[in-house]
Amino acid sequence: MKVGILTFHRTSNFGSFFQTYALYYYLDKLGVDCYIIDYCCKEIEKREKMSIFNSHTLREMVHCFFYSRSYRRRYNSLSKQIHEKTRCSKQFNQNNIKEANKEFDCFLVGSDLVWSFEITGNDKSYYLDFATDDKLSVLMHHLLAKLLVKMRKML
């Protein structure tokens, strides 16, 4: 079973990086054939690409002036690490995310932040609105049951 993990991995946030890597690593060690779905959310990409020109206040402009290069370096470094240490899918966005149904048997959503429309700009892909019903039911019944059985054996 090929599992697609949809989460915030295209970010300069260390917490998002570690959550993505830990979830991938854990599933991989359980023998799950998993991939990070390389999903580009427009709103998150905009947040990550700090620019004085995108700033709305003087405070944001000053912040961008002093910190944008360090954020960009961290973003590039964490992105490189995710792509080196995990298997990532081809790049998806809101226009082509339905194609992921052809590549994956089920989907798993990681991170608590994906539920915030303020962060995603109302991008419902993190709610798996693109997934067909058979993909969701497989996730709920088959994968979770397998994970619970393996976790019980480990305890």
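Keep in mind that the numbers below use all heavy atoms, side chains included, and drop hydrogens, waters and symmetry copies. All figures in this text were calculated on a predicted structure; none of them were measured in a lab. Here, residue 1 is the first one in the sequence, and each next residue gets the next number.
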Which residues satisfy the salt bridge (charged side-chain N to carboxylate O under 4.0 Å, His left out) test with Glu103, sequence neighbours excluded? none

Leu23 versus Leu108: any side-chain heavy-atom pair under 4.5 Å? yes

Mind checking what makes side chain to side chain donor-acceptor pair (under 3.5 Å) contact with Lys85, not counting sequence neighbours? none

With a 4.5 Å cut-off on side-chain heavy atoms, are Lys42 and Asn93 touching? no

Does Phe130 have any side chain to side chain contact (heavy atoms under 4.5 Å, CB included) partners at least two apart in sequence or in another chain, and if so, which? Leu6, Ile97, Lys98, Ala100, Asn101, Phe107, Ser125, Leu128

By salt bridge (charged side-chain N to carboxylate O under 4.0 Å, His left out), which residues pair with Asp123, not counting sequence neighbours? none

Restricting to non-hydrogen atoms, name the atom on Asn96 and the atom on Gln91 that form the minimum distance, rounded to 0.1 Å. ND2-O, 3.6 Å

For Tyr24 and Cys34, the nearest pair of non-hydrogen atoms, with its separation, is CE1-O, 3.3 Å

Just jot down the ring pair (Phe, Tyr, Trp, His ring centres under 6.0 Å) partners of Tyr126, sequence neighbours excluded, or say none. Phe8, Tyr39

Is Thr20 reaching over with its side chain to a backbone N or O of Ser16, donor-acceptor style, under 3.5 angstrom? yes

Find the distance between SG (Cys40) and CD (Gln94) and round it off to the nearest 0.5 Å. 11.5 Å

Test side-chain contact (heavy atoms from CB on, under 4.5 Å) on Phe104 and Val3 and set out the steps. CA-CA 6 Å; Phe104 299 102; Val3 177; 5.9 Å; no

Contacts of Tyr25 meeting side chain to side chain contact (heavy atoms under 4.5 Å, CB included) (sequence neighbours excluded), chain-then-number -> Tyr21, Lys29

Which residues satisfy the salt bridge (charged side-chain N to carboxylate O under 4.0 Å, His left out) test with Lys2, sequence neighbours excluded? none

How long is the span from the OG1 atom in Thr132 to the NZ atom in Lys102, to the nearest 0.5 Å? 11.5 Å

Residues at least two apart in sequence or cross-chain that pass side chain to side chain donor-acceptor pair (under 3.5 Å) with Glu99, listed by chain then number, are Lys90

Hits for side chain to side chain donor-acceptor pair (under 3.5 Å) against Asp33, two or more places apart or cross-chain, chain-then-number order -> Arg87

So Leu27 and Ile5, side-chain contact (heavy atoms from CB on, under 4.5 Å) or not? Walk me through it. CA-CA 10 Å; Leu27 292 174; Ile5 301 170; 3.8 Å; yes

Interatomic spacing from CG in Asp28 to CG in Leu30 - rounded to 0.5 Å: 9.0 Å

Do the side chain of Ser89 and the main chain of Asp38 share a donor and acceptor less than 3.5 angstrom apart? yes

